[in-house]
Q: 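Take a look at the following structure, please.
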Amino acid sequence: VLALGMCAPAMAQDKSSDAQSAKVPKNVQITLIPGLTTDPFYITMNRGAQLAAKALGITVNFQGAEEFDPVLQTPVLDAVIARHPDAILIAPTDTTQLVDPLKRASDAGIPVVTLDTYIGDGKYQDGSGDGDFPLSYIASDNELGGRVAARAMAKRIGDKGKVYVAHLRPGVSTMDQREKGFKEELKQNHPNIEVLPTQYNDNDASRAASQFQAVLARNPDIKGVFGANLFSAIGAANGVAAANKSDDVTVIGFDAPPSIVNDIKSGKIDATIAQHPAEIGYYGVMTAYAILAGQSVPTKIGTGFTVLDSDNVTDDAVQKFIYSE
Ligand code: T6T
C-alpha cells in the first residue's frame with residue numbers, strides 16, 4: 001500500500017507536467033494599473049510585480065493616472081484594453097464606478113485580477129453581483145488592519161476620549177474596510193472611546209491637515225486620529241503638529257513611506273500599519289501568469305502587514321517593509 005501510495009502521485013506528476021509544459025505562455029505582456037502612479041504604496045507594489053516578471057521572463061507595464069480618481073482611471077483602463085494585454089492587474093479606485101469599465105476588459109477576453117482594492121462586494125466568482133467576474137483579489141486584510149489600528153490607538157490614549165478617522169472617499173474598498181474594522185473594534189472592546197464623524201480628504205494631505213484643525217476647534221479635548229492611508233496619515237500628523245498638539249493627540253497611520261517612518265522617529269506619528277505592497281504585486285503577477293497557463297487560482301489571496309512604532313522602527317528586521325519612492 002505504501003509503495004502504491006508513493007508511486008501514484010509521481011506518475012500523475014509526470015503526466016501533468018507534460019500537459020503543463022504545452023501551456024507555458026509565451027511573450028506575456030501584463031499591464032498593472034495602480035490607484036495612482038506617484039504613491040509610494042503603488043511604486044512598491046510595482047517593485048514586487050517587476051521581481052515576479054523577471055523570475056518568469058515576462059513583461060509587466062505599469063500605467064496609471066496621477067490622482068486617485070475613477071474619472072481619471074477609466075480612460076487609462078480603456079486605452080489599455082484597446083492594446084489588449086494578456087492580463088490586467090488593477091487597483092480599482094471605486095467599488096461601483098469601475099465595474100462597467102472592467103467588464104469591457106473581461107468581455108474582450110482579458111483576464112482581470114484586482115490588487116489592493118476590489119469592485120462589487122469583493123467576493124469574486126461566486127455567481128453573485130455584477131462585479132463578480134474578476135478572477136482573483138490580492139490585498140491586505142483591511143478590516144483587520146483597522147482593528148489593529150484601533151487597538152494601537154486605545155492603548156496610547158488610555159482607553160478613553162474622542163477620536164476620528166481620516167478617510168480618502170467613500171466607495172474605496174480598502175478605506176471603507178479599515179474604517180469599519182476600526183469602529184467595530186472600538187465599539188466591541190473599548191466602549192469609552194467616542195468616534196467622531198469621519199473626515200473625507202480626497203487623498204489630499206493638506207485637506208487632511210486642515211480638517212484636523214477644524215475638528216480640534218469643535219473638540220478641544222480630541223485625543224486621537226486614525227489616518228487610514230498614506231496621505232490621510234501624513235496630513236493628519238501635519239495638522240496635529242501645526243496645532244502644537246503632538247504631545248496630546250495620538251496619530252495612528254496606515255502605510256509606511258519613508259516620511260511616515262521619519263514622523264514616527266520624531267514623534268509626529270505614534271504607530272503605523274505598514275502593508276506589504278511588494279507582496280501584493282509579486283503574487284498579483286504570479287496569479288495572472290498561472291491563469292494564462294491554464295491553472296486554477298485562489299479567488300482571494302491575503303497579504304500581511306507589520307505594525308511600526310518607535311520601539312521597532314529602527315530594527316533591521318522591519319527595514320524591508322519601508323516603501324520605495
Ligand atoms: O493605503 C494605500 C492603499 O491600500 C489604498 O487603497 C489607497 O491609499 C494607499 O495607496 C496609500 O496612499
Side-chain angles (χ1 to χ4, degrees), residues 32-49 62 64-70 72-73 89-98 113-119 122 137-146 148-149 165-182 198-209 226-238 251-261 263 269 271-281 283-284 301-308 321-325:
L32 167 54
I33 305 176
L36 73 161
T37 49
T38 53
D39 177 339
F41 173 81
Y42 298 110
I43 291 171
T44 310
M45 181 189 284
N46 187 38
R47 178 159 60 74
F62 182 71
E66 280 178 13
E67 281 173 48
F68 195 100
D69 183 342
L72 301 178
Q73 190 178 40
L89 300 172
I90 184 168
T93 46
D94 189 274
T95 48
T96 54
Q97 293 184 59
L98 265 297
V113 169
T114 78
L115 308 184
D116 176 48
T117 39
Y118 60 70
I119 54 168
Y137 167 53
I138 297 141
S140 311
D141 181 337
N142 288 290
E143 210 174 301
L144 179 62
V148 170
V165 181
H167 185 305
L168 199 170
R169 189 186 300 134
V172 180
S173 67
T174 46
M175 302 299 291
D176 290 343
Q177 289 184 299
R178 290 168 201 168
E179 179 187 30
K180 179 169 183 261
F182 182 80
T198 294
Q199 303 293 308
Y200 298 104
N201 55 50
D202 238 2
N203 224 22
D204 177 345
S206 323
R207 199 173 304 174
F226 170 34
N229 80 335
L230 190 150
F231 300 99
S232 305
I234 291 172
N238 286 342
V251 179
I252 306 294
F254 219 90
D255 296 305
S259 65
I260 288 188
V261 168
D263 283 352
I269 293 182
T272 196
I273 319 300
Q275 301 189 76
H276 296 175
E279 245 171 69
I280 299 175
Y283 286 99
I301 299 177
T303 54
F305 41 68
T306 302
V307 181
L308 303 181
F321 299 119
I322 299 171
Y323 299 1
S324 308
E325 285 181 308

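Only a predicted model underlies this, so the values are computations on that prediction, with no experimental measurement involved. Start at 1 and go down the list; that is how both ligands and their atoms are numbered.
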Q: Closer than 3.5 angstrom, by distance alone: can the side chain of Q97 be matched with the main-chain N or O of P70 as a donor-acceptor pair?
A: no
Q: Report all protein residues having a heavy-atom distance below 4.0 Å to some atom of ligand 1; order the list by chain, then number.
A: D39, F41, Y42, F68, D116, T117, T174, R178, N229, L230, F231, D255, Q275
Q: Does T114 have any side chain to side chain donor-acceptor pair (under 3.5 Å) partners at least two apart in sequence or in another chain, and if so, which?
A: Y124
Q: List for me each residue that meets ring-ring contact (aromatic ring centres under 6.0 Å, His included) alongside Y118, sequence neighbours excluded, and say none if there are none.
A: Y137
Q: Do H276 and F321 make the cut of ring centroids closer than 6.0 angstrom?
A: yes
Q: E67: which residues meet the salt bridge (charged side-chain N to carboxylate O under 4.0 Å, His left out) condition with it, sequence neighbours left out?
A: none
Q: Side chains of D94 and T96: donor-acceptor distance under 3.5 Å anywhere?
A: yes
